[in-house]
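First the proteins, then the strands, lettered A, B, ... as listed; each starts at 1.
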Amino acid sequence: MSPKTNASASAEPDAAAHPVSIVPPDTDAGSPVGAPSASGAVDLPAEPAEAAPQPLFSDLGLSEPIQRAIDEAGYRHPTPIQAQAIPYVLMSRDVLGVAQTGTGKTAGFTLPMLEILSGSRARARMPRSLILEPTRELALQVAENFVKYGKYLKLNHALLIGGESMAEQKDVLNRGVDVLIATPGRLIDLFERGGLLLTQTRLLVIDEADRMLDMGFIPDIEKIVGLLSPQRQTLFFSATMAPEIRRLADMFLQNPQEITVSRPSSVATTIEAGLVVVDEDDKRRVLRQMLRDDAVQNAIVFCNRKRDVDVLCKSLVKHGFSAGALHGDLPQSVRFSTLERFKAGDLKILVCSDVAARGIDIGGLSHVFNFDLPFHPEDYVHRIGRTGRAGRTGHAYSLASPHDRGLAEAIEALIGHPIPRLAVEGVTQLDWSEEDRPRGGKGRGRGQKTEHRGGKPARPSAATPVEATPVPEAAAAPPPSARKPAPPRHHRERELEDTSTQANGTPITGFGADVPAFMLLPRRHVAIAPSADDESTHTVDELA
DNA sequence: AAAAAAC
């Protein structure tokens, strides 16, 4: 129905669906996950016959209270990582899990942990297990998972994260917790103040290790692990196995069972990407226009700077949009409540920094916008990975000014193909070469920077009227209402001079049937999306 | 260049 630049994960050999399993609901935020079997989104009719019968949760050796919670959540079949990891965790083995987003990784460790911990009770200030997460939002999501599956057990958990009252967290610790879910900074802080002892902690989970590495947490992690008894069970998860991660795993784990799950999602993933190049000062106006498209059900808009998040959000609200801001400088209470409102559909647009680029799972996101192109090309992949889940077409649209040419080239080099230009009705787009235009006194030419492109057709040019909106011909389909083909645009002198390789008729290939490299890259975020009836579970409290 | 995470 729209310019197809589709990435289809269905080309993956193991893209078999795993119906009724614990993965993010991937349905509209707030829709119940209670009966996934009844939802066509999960049970695909055209499913080829499986060679082996699907494993059942009831075969995994989990006790009745946990099994009942799983049943009530509507799940019957474990995902591959759950089926593989749970038995080893129950055997007290260390586990090295290489698993991406959407694999059901979180339940893969929370379920057996509940089983292991269900036998006895915690003592004051001595948590029995510890889960380390890189961001506060992720920690919250894991806590929600414990609430959901531990509802028939009498276990405590505590959320130990920055930005919230330490006194309250200390109180909870003093009462004794079975599961401590923490971000590294606050954990070390509290430990150094004597608020907690880790000597009795016999079960450690290091989640999102690659992200911990990216964020510079590894020294903290090493320090924390050093505080734990060597007589412990360790579960270590990472989306990738870079050498540095491997080194850490070797250091923290003993004779681990290694489990690798290749594909995140059970169903084909499709993302339609597009790029709009306009003057920096026009970006807000163009974004508003794009947001008014009926196809935009809900959207995350990424900015590079926290300040710009605030400015853009205020501007959108002023123009009548239902928008909220999310970045690391906002009070934690606001962060959580904004995220909750967005998930519940109370807010339609979430304007945020890269705090939400990875790790936050929001099901059923129709659009991701890059108001700014990210500085690091990998972040582009992470950002747009928030949409296009579970067989639905996601939309990932980026705004750029001619000044951002270098950023766009870096992204295109990473993903291995150009981002097609997207026509927006009534918007005249600029050509990259217009970065040479003097802008506000500090404009300067950067034309020479293109030398390193080595003649590779890196981007669409505007050498002909058609190529003003170079959407892959073969895959082109009627565009959505607000993105009718761009009106014939006038040529600027520079565009006529620009004879980039794209002008020679080299087709601009969309994703087509190829699986683009970036889709094979790890998508890293914990897979928990609470259903609407889980709303009350995001505070530090006891499991019912 | 920025953001994240401790106060």
Item to complete: Give every residue pair that meets the salt bridge (charged side-chain N to carboxylate O under 4.0 Å, His left out) criterion with at least one member in residues 319-335 of chain A, sequence neighbours excluded.
Response: E137(A)-R335(A), K306(A)-D329(A)
Discussion item. From CD of E137(A) over to C1' of dA5(B), roughly how many Å is that when rounded to an integer?
Written reply: 11 Å
Practice prompt. With the side chain of T135(A) defined as its heavy atoms from C-beta on, choose the nearest nucleotide among dA6(B), dA5(B), dA2(B).
Written response: dA5(B)
Item to complete: May I ask you to say what P134(A) touches in the nucleic acid, namely base, sugar-phosphate or nothing, with a heavy-atom cut-off under 4.0 Å?
Response: sugar-phosphate
Item to complete: Round to the nearest Å and state the distance from Q332(A) atom CD to dA4(B) atom C1'.
Response: 12 Å
Discussion item. I need the CD1-C1' distance between I161(A) and dA4(B), as an integer number of Å.
Written reply: 13 Å
Discussion item. Distance check needed: dA2(B) P versus D310(A) CG, whole Å only.
Written reply: 15 Å
Item to complete: Nearest whole angstrom, please: distance from the C1' of dA6(B) to the CZ of F191(A).
Response: 16 Å
Worksheet item: How would you label the contact of R335(A) with the nucleic acid (heavy atoms, under 4.0 Å): base, sugar-phosphate, or nothing?
Response: sugar-phosphate
Item to complete: Just call it for G163(A): base, sugar-phosphate, or nothing, with non-hydrogen atoms closer than 4.0 Å on any strand.
Response: sugar-phosphate
Discussion item. Measuring from the side chain of K306(A) (C-beta onward, heavy atoms only), which nucleotide among dA4(B), dA2(B), dA5(B) has the closest atom?
Written reply: dA4(B)
Discussion item. Is there a side-chain contact between S353(A) and the phosphate of dA2(B), meaning an N or O under 4.0 Å from OP1 or OP2?
Written reply: no
Practice prompt. Please state how far atom CG in L373(A) lies from atom P in dA1(B), giving the value in whole angstrom units.
Written response: 18 Å
Discussion item. Suppose the criterion is side-chain hydrogen bond (donor to acceptor under 3.5 Å, both in side chains): which pairs have a residue in residues 187-199 of chain A, not counting sequence neighbours?
Written reply: D189(A)-R193(A), E192(A)-K223(A)
Practice prompt. Scan D189(A) against the nucleic acid and name what it touches under 4.0 Å (heavy atoms): base, sugar-phosphate only, or nothing.
Written response: base
Discussion item. Among I419(A), V424(A), L430(A), exactly one meets side chain to side chain contact (heavy atoms under 4.5 Å, CB included) together with V276(A). Which residue is that?
Written reply: V424(A)
Item to complete: Return no unless some side-chain N or O of T183(A) is found under 4.0 Å from OP1 or OP2 of dA6(B).
Response: yes
Discussion item. I need the CG-P distance between D308(A) and dA1(B), as an integer number of Å.
Written reply: 16 Å
Fill in: N or O in side chain of R305(A) less than 4.0 angstrom from dA1(B) OP1/OP2
no
Worksheet item: When you check the side-chain N and O atoms of N145(A) and T106(A), is any donor under 3.5 Å from an acceptor?
Response: no
Worksheet entry | dA6(B) OP1/OP2 closer than 4.0 Å to side-chain N/O of R136(A) | yes
Worksheet item: Side chains of R383(A) and D354(A): does their closest heavy-atom pair fall under 4.5 Å?
Response: yes
Discussion item. Classify H327(A) by what it touches in the nucleic acid, base, sugar-phosphate, or nothing, heavy-atom distance under 4.0 Å.
Written reply: sugar-phosphate
Worksheet item: Tell me: CG of L407(A) to C1' of dA1(B), nearest whole Å?
Response: 9 Å
